[in-house]
Q: 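Have a look at this one.
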Amino acid sequence: MLAERLTALTERVAALEAVAVDASPPAPTGDLPDPDAFWALHRLRSELAELGEADGGVMIVGTVAAGPSGGRAEWQQAFGTAALLESDWTSLADTVAALGQPVRLRLIQGLLAGRSTVAELVELDGVGTTGQIYHHLRQLVAAGWLQAAGRGRYEVPPHRLVPLLVTLGAARG
């Protein structure tokens, strides 16, 4: 029985590795390799060309499981490069800064893992006292990364889940 499970697992890993895509960014000019592997980028280029965005643009898109209810958070947004570069970035400082604290990141991670109350979050290693947790939660709520879900419960709003994960993924480099 164990040998069969190991064989099945090995086959599944091999299948996943066979379809894995090199995540390194392509060169900014010229043709992109394999339109099937870079389908989103090809589509973005096409859309930007139709809109006359000569400076290019970026897109955030994702679909992820959203909590124990089994629902999904699906989100996409595209930005033209020129509009992004010309906008007031200082207005984003509090939102970005709220994620720049290790305890806050740990609290968000705990919430995404299924914890939802301060009593559950205080059980996490290194997050501090109940008062300290409330302080961090207030900062995350004010920045829009979390919302109060009633009865002392907190959650990542579905519309912020994909941008949050994209931000963390981008920080990984």
Side-chain angles (χ1 to χ4, degrees), residues 5-6 9 12-13 16-17 19-25 40-41 43-44 47-48 53 55-173:
R5 290 177 62 192
L6 183 58
L9 182 59
R12 288 174 55 198
V13 169
L16 288 171
E17 288 174 342
V19 297
V21 176
D22 178 10
S24 59
L41 191 51
R43 177 68 187 264
L44 178 61
E47 295 288 328
L48 291 169
E53 292 282 351
D55 293 333
V58 296
M59 175 179 262
I60 300 170
V61 62
T63 177
V64 296
S69 67
R72 297 200 70 75
E74 298 184 316
W75 197 82
Q76 81 173 28
Q77 189 166 6
F79 306 93
T81 302
L84 270 178
L85 293 175
E86 294 167 5
S87 66
D88 176 18
W89 291 7
T90 61
S91 66
L92 306 173
D94 290 339
T95 303
V96 175
L99 295 177
Q101 212 288 338
V103 170
R104 293 183 192 146
L105 292 174
R106 183 72 181 107
L107 292 171
I108 292 172
Q109 191 174 31
L111 291 167
L112 292 176
R115 299 171 193 265
S116 64
T117 66
V118 173
E120 293 169 335
L121 292 169
V122 79
E123 297 172 359
L124 296 171
D125 290 333
V127 295
T129 66
T130 301
Q132 291 168 326
I133 290 172
Y134 275 114
H135 166 77
H136 291 299
L137 291 173
R138 277 193 298 276
Q139 295 296 317
L140 291 165
V141 168
W145 294 114
L146 295 182
Q147 67 185 13
R151 296 187 172 186
R153 302 176 85 74
Y154 292 86
E155 65 185 8
V156 175
H159 71 280
R160 296 295 277 172
L161 184 54
V162 171
L164 172 68
L165 295 175
V166 168
T167 301
L168 294 170
R172 289 184 134 186

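Worth saying up front: this structure is predicted, and the values here are computed from it rather than measured.
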Q: Give a yes or no answer on whether the side chain of R106 reaches the backbone of V127 with a donor-acceptor pair at less than 3.5 Å.
A: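 No.
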Q: Can you tell me how far apart CD1 (I108) and OH (Y154) are? Round to the nearest 0.5 Å.
A: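 The distance works out to 13.5 Å.
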Q: So, using salt bridge (Lys or Arg N to Asp or Glu O under 4.0 Å) as the criterion, who are the partners of R72 when residues are at least two apart?
A: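 Testing R72 for salt bridge (Lys or Arg N to Asp or Glu O under 4.0 Å), a comparison that skips the adjacent residues, returns none.
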Q: With rounding to the nearest 0.5 Å, note down the distance linking CZ in F79 to CD in E53.
A: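 With rounding to 0.5 Å, CZ (F79) is 12.0 Å from CD (E53).
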Q: I60 and side chain to side chain contact (heavy atoms under 4.5 Å, CB included): which single residue from L165, V166, T167 fits?
A: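 Between I60 and the candidates, side chain to side chain contact (heavy atoms under 4.5 Å, CB included) is satisfied uniquely by V166.
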Q: Apply side-chain contact (heavy atoms from CB on, under 4.5 Å) to V61 and list each qualifying residue two or more places apart in sequence or on a separate chain.
A: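 Per chain and number, V61 pairs via side-chain contact (heavy atoms from CB on, under 4.5 Å) with M59, Q76.
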Q: Could you check if a side-chain atom of D55 sits within less than 4.5 angstrom of a side-chain atom of L85, using non-hydrogen atoms only?
A: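 No, too far: nothing below the 4.5 Å cut-off.
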Q: For D88, does the CG atom have more than 12 heavy-atom neighbours from other residues, nucleotides or ligands under 6.0 Å away?
A: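 Result for CG/D88: enclosed.
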Q: What's the spacing between H159 NE2 and L164 CG if we round to 0.5 Å?
A: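 Output value for this atom pair is 11.5 Å.
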Q: Tell me every residue that passes salt bridge (Lys or Arg N to Asp or Glu O under 4.0 Å) with E47, counting only those two or more places apart in sequence or in another chain.
A: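 Salt bridge (Lys or Arg N to Asp or Glu O under 4.0 Å) check on E47 returns R43.
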Q: Would you say I133 and L124 make side-chain contact, with heavy atoms under 4.5 Å?
A: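 Answer no - side chains too far apart.
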Q: Kindly write out the residues that satisfy salt bridge (Lys or Arg N to Asp or Glu O under 4.0 Å) with E123, not counting sequence neighbours, or none if the list is empty.
A: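 With neighbours one apart ignored, the set is R115.
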Q: Looking at every heavy atom in both Q147 and P158, which two are closest together, and how far apart are they?
A: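 The answer is NE2-CD, 4.5 Å.
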Q: Do the side chain of S116 and the main chain of R153 share a donor and acceptor less than 3.5 angstrom apart?
A: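 Not a single qualifying donor-acceptor pair exists.
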Q: State, to 0.1 Å, how close Q132 and G128 come at their nearest heavy-atom pair, and which atoms those are.
A: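 The answer is OE1-CA, 3.0 Å.
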Q: Going by atom type alone, with no hydrogens or angles, which donor-acceptor pairs under 3.5 Å involve a side-chain atom of residues 92-100 and a protein atom two or more places apart or on another chain?
A:
none

Q: Using the side chain to side chain contact (heavy atoms under 4.5 Å, CB included) rule, take L146 and L107 through it: C-alpha gap first, then chi angles, then the decisive distance, then the call.
A: CA-CA 10 Å; L146 295 182; L107 292 171; 5.9 Å; no
Q: Given side chains that start at C-beta, do those of W75 and L161 come closer than 4.5 Å, heavy atoms only?
A: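 Result no, sub-4.5 Å side-chain heavy-atom pair not found.
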Q: Under the 3.5 angstrom rule, does the side chain of W89 hit a backbone N or O of L84 as a donor-acceptor pair?
A: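 The answer is yes, because a donor-acceptor pair under 3.5 Å joins these two groups.
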Q: List the residues meeting side-chain hydrogen bond (donor to acceptor under 3.5 Å, both in side chains) with R104, not counting sequence neighbours, and say none if there are none.
A: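 So R104 forms a side-chain hydrogen bond (donor to acceptor under 3.5 Å, both in side chains) with H136.
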